[in-house]
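Throughout, a chain's letter reflects where its sequence line sits, starting with A, and its residues are numbered from 1. Everything numeric in this text was worked out from a predicted model, so none of it was measured.
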Amino acid sequence: MPELPEVETTMRLVRPHVVGRVIQRVETCWPRTVGGDAEAFARAVRGTRMVRAWRRAKWVVFDLEGGAKGAARHILVHLRMTGRLVVEPSKGAAPQWWKVALHLDDGRALWFLDVRKFGRVHARGPRPAEFDELGPEPLSDEFDGAWLHAALRARRRALKPLLLEQAFLAGLGNIYVDESLHAVGLHPLADSSRTTREQAERLAAAIKRVLAAAIEREGSSFDAFYRTPEGNPGSYQDQFQVYGREGEPCRSCGAPIRKFVVGQRGTHVCPRCQPPPRGRSVKKN
DNA sequence: AGCTACTCCTGGTAGC
DNA sequence: TGCTACCAGGAGTAGC
């Protein structure tokens, strides 16, 4: 699903086409996508100019200038499960599964597409509340082994649900958590408060390494839905060590990968490289 | 504080 | 071939 690498890829590929453009007209065909009030959304962003595009956690952010009095200062896009952004002509056939169209001043539109309708496009003022309680960016210098060690020790949680929490660390999702934990031989149900400094150092490094490699390959496309804004699949799925590999041999030790459920999420481990913590039985799914 | 269950959604696929 | 049931899950929320 779109996690940090897919969101970063989406932002990078859309950015050169939209920065500097004025939003002339807005169409919405599923009001929930824009928070329920399509008219209010259109009013807030119409006439503004997109002056910068960046990413925070799993949000694509467009900074806005100008527009009417009280106009929005940011557009926040969350892809959730199947959201996509593409830049295509305003006229002619609308792209399949489109939910929001921001028609630009060059005859093209920034289209938000979403099969499952979980994604969101928000108009926000100068200080979006969405950013108030996010953890650090895993690729920033602020996130390192020392920080992770202290943060893990301060909580008493299973590692995986904690790493998925955006308020703890911003940008990880199901796939890259499974991949990162496997890379360092830690079990998803291991108790965060018992993490050693050495384990935290290796985990922080693995998270950075996995995310950077996935960005390099424009994310992962393991199903029919994730495509870059240019319509290409990512290729990091070819590098998966555990995700989606149930029953296949671990690339490190050959033991068959196991899948089970943690917090309603499909979870993949190598039972040999990632021994379960004492006292926690792991049932097969 | 931490855990689980439930909700929102629908294309793809497994099973019959 | 065609039908049905189930699966995928990010994140918000409720309840214990």
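Partner of A:H103 under the side-chain hydrogen bond (donor to acceptor under 3.5 Å, both in side chains) criterion, out of A:Q24, A:K91, A:E27, A:R46: A:E27 alone. Among A:R265, A:K160, A:R258, A:K259, the one residue that satisfies the salt bridge (charged side-chain N to carboxylate O under 4.0 Å, His left out) test with A:D178 is A:K160.
Backbone-only engagement by A:G266 is indicated by non-hydrogen atom pairs under 4.0 Å involving sugar-phosphate atoms exclusively. At a threshold of 4.0 angstrom between heavy atoms, the contacts of A:Y226 with the nucleic acid are absent.
If you find the closest nucleotide of DNA chain B to A:W97 and to A:R156, the one lying nearer the 5' end belongs to A:R156.
Using a distance-only test at 3.5 Å, with no hydrogens or angles considered, a donor-acceptor pair links the side chain of A:H187 to the main chain of A:L189.
Between A:K99 atom NZ and B:dT10 atom P the separation is 8 Å, expressed in whole Å. Rounded to whole angstrom, the span from the CZ atom of A:R157 across to the P atom of B:dA1 amounts to 11 Å. Taking atom CG of A:D114 as the reference point, atom C1' of B:dG11 lies 12 Å away to the nearest angstrom. Atom CG of A:L79 is separated from atom P of B:dC9 by 17 Å (rounded to the nearest Å). Taking atom CG on A:L159 and atom P on B:dC3, their separation rounds to 11 Å, with Å as the unit. Whole-Å rounding puts the A:F260 CZ to C:dA8 P distance at 14 Å. Spacing between atom NZ of A:K160 and atom P of B:dC3 amounts to 14 Å, rounded to whole angstrom units. Whole-Å rounding puts the A:R120 CZ to B:dT7 C1' distance at 12 Å.
A sub-4.0 Å separation between OP1 or OP2 of B:dG11 and a side-chain N or O of A:K117 is absent. Side-chain N/O atoms of A:R155 include one lying less than 4.0 angstrom from OP1 or OP2 on B:dG2.
For the 3.5 Å distance criterion, the side chains of A:D114 and A:W98 fail to qualify, holding no donor opposite an acceptor. Defined by atom type and a distance below 3.5 Å, a donor-acceptor pair is missing between the side-chain atoms of A:Y226 and A:Q237.
In this structure, A:W59 and A:H78 have perpendicular ring planes: the angle between them is above 60°, well past the 30° mark.
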Protein-to-nucleotide contact annotation, 5' to 3' order, nucleotides 10-16 of chain C [B base; S sugar-phosphate only; - none; under 4.0 Å, heavy atom]: BB-----

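Residues A:G185 and A:P275 share a closest heavy-atom pair of O-CD, 4.2 Å.
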